[in-house]
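Order of appearance sets the numbers: ligands from 1, and atoms from 1 within every ligand. The structure displayed is predicted, hence computed values, not measured ones.
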Amino acid sequence: MPAHPAAERHFDPFSRALHWLTAIAVLIAFILGPGGFGRMVRQGIDPATRPDIVWHESLGVLVFVLTLVRLGWMAMRPAAPQFEMSSWMRTASKCVMGLMVLLVLLVPITAMITLGSKGVPATLLGGVRLNALGFLSGTPFGALTDWGDVHGFLGDALMWLAGVHAAAALYHQFLLRDGVLASMLPWLDRRRS
Ligand code: HEM
């Protein structure tokens, strides 16, 4: 089913850039997700000496910032393209999108809680150390649970949801052929744009 005839068929370039930058950063951050972090800290190893951790945390912070920019941009950007689809599909798509936005915010937030509760600063590219929630160390909230497990679980959930989101985009592109994926990748749609 095509987009409403009068509507714009593509997201604006800034929305597309934010979308793909976030997707790439989330994927690489996930691949670099550090296991055995607590043991490493207890052994007195400085996370700044581990490039995988520095990249993981830097990309994770980037994802958080990009998401805040994206939410701000969504409030003021040109109208997003609208596509005709069944109501269950529209509802499912809104639920998946809403959950993904929630997770891309909660995953970095729980990471900062993890680090704060362990009394360890985030170690970012350029030698930056960020001790945003250091005050949590030794507090009942910091000791409430293993926040690293919560962070890892939410990171896994985000990737599962991203998989569902990508599968749905491919379903729209190759079975429904309605231009939903092309709205984020305009070169897929050259003939019609
Ligand atoms: C979208 C962004 C992120 C994703 C998808 C993500 C994903 C993950 C995953 C899946 C793990 C578990 C790895 C394993 O147990 O094998 C993990 C661990 C970890 N991540 Fe992230 N993460 C993100 C952002 C961040 C940020 C922003 C920081 C810090 C600034 C961070 C710091 C950590 C730390 C310290 C651990 C180890 C936790 C522990 O075991 O105690 N992550 N991450």
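Side-chain contact between I53 and F37 is present, with at least one heavy-atom pair separated by less than 4.5 Å. Side-chain contact between Q173 and V180 is absent, with no heavy-atom pair separated by less than 4.5 Å. The closest side-chain heavy-atom distance from L161 to M100 is below 4.5 Å.
Protein atoms that are N, O or S and lie under 2.8 Å from atom 21 (Fe) of ligand 1 are these: H56 NE2, H151 NE2.
The minimum heavy-atom distance between F83 and R90, with the atom names listed, is O-NH2, 2.6 Å.
Using a non-hydrogen distance threshold of 4.0 Å, V104 does not register as a contact of ligand 1.
The salt bridge (Lys or Arg N to Asp or Glu O under 4.0 Å) pairs that include a residue from residues 124-150 are D46-R129, where partners are two or more places apart or lie in different chains.
Heavy-atom contacts of G35 reach the following atoms of ligand 1: 14 (C), 16 (O) (cutoff under 4.0 Å). The ligand atoms of ligand 1 that sit less than 4.0 angstrom from a heavy atom of M112 are 30 (C). When each atom of ligand 1 is checked for a heavy atom of F30 under 4.0 Å away, the hits are 10 (C). Those atoms of ligand 1 that come under 4.0 Å of a heavy atom in T114, given as number and element, are 41 (O). Contact atoms of ligand 1 toward D156: 10 (C) (distance under 4.0 Å to a heavy atom of the residue).
Judged by distance alone, with hydrogens and angles left aside, the side-chain atoms of T67 form no donor-acceptor pair with the main-chain N or O of V104 at under 3.5 Å. Remark: the backbone N or O of V107 is paired with a side-chain donor or acceptor of H151 at under 3.5 angstrom. Formation of a donor-acceptor pair under 3.5 Å by the E57 side chain with backbone atoms of A122 is not found in this model.
Among all protein heavy atoms, the one lying closest to atom 38 (C) of ligand 1 is G148 CA, 3.8 Å. Ranking protein heavy atoms by distance to atom 40 (O) of ligand 1, first place goes to F37 CB, 3.7 Å.
With sequence neighbours left out, L68 forms a side-chain contact (heavy atoms from CB on, under 4.5 Å) with F64, L105. Partners of F14 under the ring-ring contact (aromatic ring centres under 6.0 Å, His included) rule, at least two apart in sequence or in another chain, are W73.
In L115, the part holding a heavy atom less than 4.0 Å from any atom of ligand 1 is the side chain.
The heavy atom nearest to atom 41 (O) of ligand 1, considering only M159, K118, M40, is found in K118.
Relative orientation of the W147 and F141 rings is tilted, given thresholds of 30° and 60° on the angle between their planes.
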